[in-house]
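Reading through the structure tokens given below for one structure.
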Amino acid sequence: MLLATLAHVSQEVAATSARSRKIALLAGLFRAAGPADVPVVIPWLAGRLPQGRIGVGWQALKDPVPAADTATLTIREADDAVTALAAVAGPGSQAERRRLVQALLGAATGEEQRFLIALLSGEVRQGALDAVAGEALAQATGAPSADVRRAVMLAGSLQSVAERLLADGPDALAEFRLTVGRPVLPMLARTAGSVAEAVEKLAPCAVEEKLDGIRVQVHRRGDAVRVYTRTLDDITDRLPEVTAAALALEGDRLILDGEVIALDADGRPRPFQEVAGRVGSRTDVAAAAVAVPLSPVFFDVLAADGEDLLDLSYAERRTTLDRLVPEPMRVRRVVAPAPDSAEAAEFWRATLGRGHEGVVIKALDTPYSAGRRGAGWVKVKPVHTLDLVVLAAEWGHGRRTGRLSNLHLGARQPDGSFVMLGKTFKGLTDAMLEWQTTRLKELALDDDGFTVRVRPELVVEIAYDGLQRSTRYPAGVTLRFARVLRHREDKRAEDADTVETVLGT
DNA sequence: TTCCGACAGTGGGGTCGCAAT
DNA sequence: ATTGCGACCCCACTATCGGAA
């Protein structure tokens, strides 16, 4: 199949907003693809490279390359070129990658170039990722979409399901079962504003500690242990403590779901940044493990003695977890039998008092919804707010093109100047974007085409989760997960919060 | 007809490893 | 030694489609 065919379909998918039309377009292309093209066509149209990380980003793609006049490039040839790119390493690799990228783009027409650049930079943005592509796959093959979805969760990727499905038909889906050693997409939680609100919806439910670390899925079969992240990357080699902990358990053929955190001598959790740094360290794991020892803490079990527990209720899975995992390695929790239970509020206070991030409220009767943001899990974290001053704004991309989007946030200093604490683009409705674009243009000092600096007069109310250490910003801290609540036209810059106030929180 | 679940998009900061300077 | 880049951790929130109620 020619790359031009695929690039054109991608463009059509991007051009329509109707999800049903996107699915029909993708399904048509999947049907037309030959068996040899399928392993490439499916991930490409879900916006992903089968080779994974290849070391090419916007920097390697920014130089324009003259386009070919006619479309001759095949999908196979383009895929081979990407494979060659992924293999480049060592001194001179950046230049070599750049050369290979330019050769590939030089063989492509304009439309093909646009698709390849989007694909290589991870910005296909056609309004269709795995879920929509999976739906199209079901349509193209006649398999029930619920079965395709379940197979994808259990396989951890669309691609492997697609290959089996297109080669052997819908019957092949039955082979995708929960298997110890093969990671499944983890269940995620939604957000609620308060514990009372969440318990109201979910009772009878449990309230669990929410630990601020790295999510892990631990598989153990005999002496073989593997540890996977939320995106199913294998990080076993970086977490020897987790392997040791898993081997010390009674049960076998296990899959456990939990979080790794770092604890001080007095049992209080250390900052997320330290945990992330530790998990990211791979060159000298032994030294890193001495500096920041990690503790795995589990909250769910997906398989025990090789048996699939996904469809059991949370209450039943938790009973199994309590049997298999000793108490210090399980998250603390209480059960709130009714919406007005006093236990929930008390547990929330105690959890925050111990220095943890928040709580997760879990309905007792829900199964493990792999890969979903299931309604059965709801997280609640404390929210702080500040009034800060907009110092500058950046022009948006995609659907925010032409709007000033990303705001630079400043806190007041005693001498009347401002110190930048971070940026945010979150929380803005289309109407707010429209309004702030107009307002900030009135305040503009200069515009370099990327950032518009403004007179520091517009006050915004910002919500955030807490402070974290920063080397990027002058105060030495930045806001974690800052988002805009509202513009405060009723406030002047002199009314904004000071750096002292921020640091005092 | 209205409501709501699922999905995609728009990016934030930090940290590590590697290559280039 | 320092800097720049890419990858991958953590993540909040809004808009939209289309099926459920």
Side-chain angles (χ1 to χ4, degrees), chain A residues 13-14 16-23 46-47 52-61 88-97 120-135 149 188-191 211-216 229-233 235 238 259-260 271-284 288 357 369 371-375 379 381 383 394 396-401 403 405-409 421-433 462-473 477-485:
Chain A
V13 170
T16 178
S17 64
R19 202 168 292 158
S20 49
R21 174 87 184 125
K22 291 179 192 288
I23 290 166
R53 55 186 123 110
I54 62 168
V56 172
W58 65 274
Q59 196 56 238
L61 295 166
V88 177
S93 59
Q94 271 183 29
E96 174 65 4
R97 272 197 290 268
L120 292 173
S121 61
E123 297 181 345
V124 170
R125 290 186 167 92
Q126 57 185 12
L129 296 173
D130 267 9
V132 169
E135 199 67 36
R149 177 190 288 270
L188 307 172
R190 300 178 188 195
T191 310
L211 307 178
D212 194 11
I214 305 285
R215 183 87 175 259
V216 286
T229 65
R230 191 161 98 76
T231 50
L232 310 189
D233 284 324
I235 53 169
R238 290 177 244 168
E259 192 94 358
V260 287
F272 169 77
Q273 286 164 295
E274 291 187 28
V275 182
R278 166 61 209 280
V279 173
S281 300
R282 48 182 109 201
T283 46
D284 191 351
E357 189 186 18
S369 314
R372 315 294 288 280
R373 216 166 269 288
K379 58 183 167 181
K381 296 188 284 185
V383 176
E394 295 170 14
H397 296 87
R399 66 185 305 281
R400 292 188 174 188
T401 300
R403 308 266 170 77
S405 172
N406 198 6
L407 302 176
H408 296 200
L409 306 170
L421 287 178
K423 308 180 190 179
T424 185
F425 55 90
K426 295 178 181 130
L428 297 160
T429 64
D430 286 1
M432 288 162 80
L433 280 165
I462 298 294
Y464 66 105
D465 278 16
L467 298 176
Q468 56 185 350
R469 213 193 310 282
S470 173
T471 54
R472 178 178 311 211
Y473 294 108
V477 296
T478 187
L479 306 179
R480 192 164 180 210
F481 308 137
R483 58 267 190 193
V484 178
L485 294 178

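Chain letters run A, B, ... following the sequence lines, proteins first, then strands; residues in each count from 1. Heavy-atom basis, side chains included; hydrogens, waters and symmetry copies ignored.
Protein atom CD1 of A/I23 is 12 Å distant from nucleotide atom C1' of C/dG19, rounded to whole Å. The CG atom of A/L129 sits 19 Å away from the P atom of C/dA15 (whole-angstrom rounding). The CZ-C1' distance, from A/R403 to C/dC13, rounds to 17 Å in whole Å. In this entry the distance linking CG of A/L428 with C1' of C/dA12 reads 11 Å, nearest Å. Rounded to a whole Å, the CD1 atom of A/I235 is 14 Å from the P atom of B/dG17. Regarding A/Q126, its CD atom lies at a distance of 8 Å from the P atom of B/dG9, rounded to whole Å.
Judged by a 6.0 Å distance limit and a 45° cone about the ring axis, A/R480 is positioned over the six-membered ring of A/F272.
Contact annotation for A/R190: backbone-only contact, meaning every heavy-atom pair under 4.0 Å involves sugar-phosphate atoms and none involves a base. Contact annotation for A/V132: backbone-only contact, meaning every heavy-atom pair under 4.0 Å involves sugar-phosphate atoms and none involves a base.
Where A/R480 and A/T283 each meet DNA chain B at their nearest nucleotide, the meeting point lying more 5' is that of A/R480.
Put simply, A/H397 has a side-chain N or O that comes within less than 4.0 Å of OP1 or OP2 on B/dG11. Checking the phosphate oxygens (OP1, OP2) of C/dC8, no side-chain nitrogen or oxygen of A/T231 falls inside 4.0 Å.
Closest approach to the A/Q273 side chain among C/dC11, B/dG17, B/dG14 is made by B/dG14 (side chain taken as heavy atoms from C-beta onward). In this structure, of C/dC11, C/dT14, B/dA19, it is B/dA19 that holds the atom nearest to the side chain of A/Q94. Side-chain proximity of A/F481 to the nucleotides B/dT10, B/dC7, C/dC10 is greatest for C/dC10. When the nucleotides B/dG17, C/dC8, C/dA12 are ranked by their closest atom to the side chain of A/R282, B/dG17 comes out on top. Comparing C/dT16, B/dG12, C/dC11 by their closest approach to the side chain of A/E357 singles out C/dC11. For A/T478, taking side-chain heavy atoms from C-beta onward, the closest of the listed nucleotides C/dC9, B/dG13, B/dT10 is B/dG13. Here the side chain of A/K381 is nearest to one of C/dC11, C/dC10, B/dA19, namely C/dC11.
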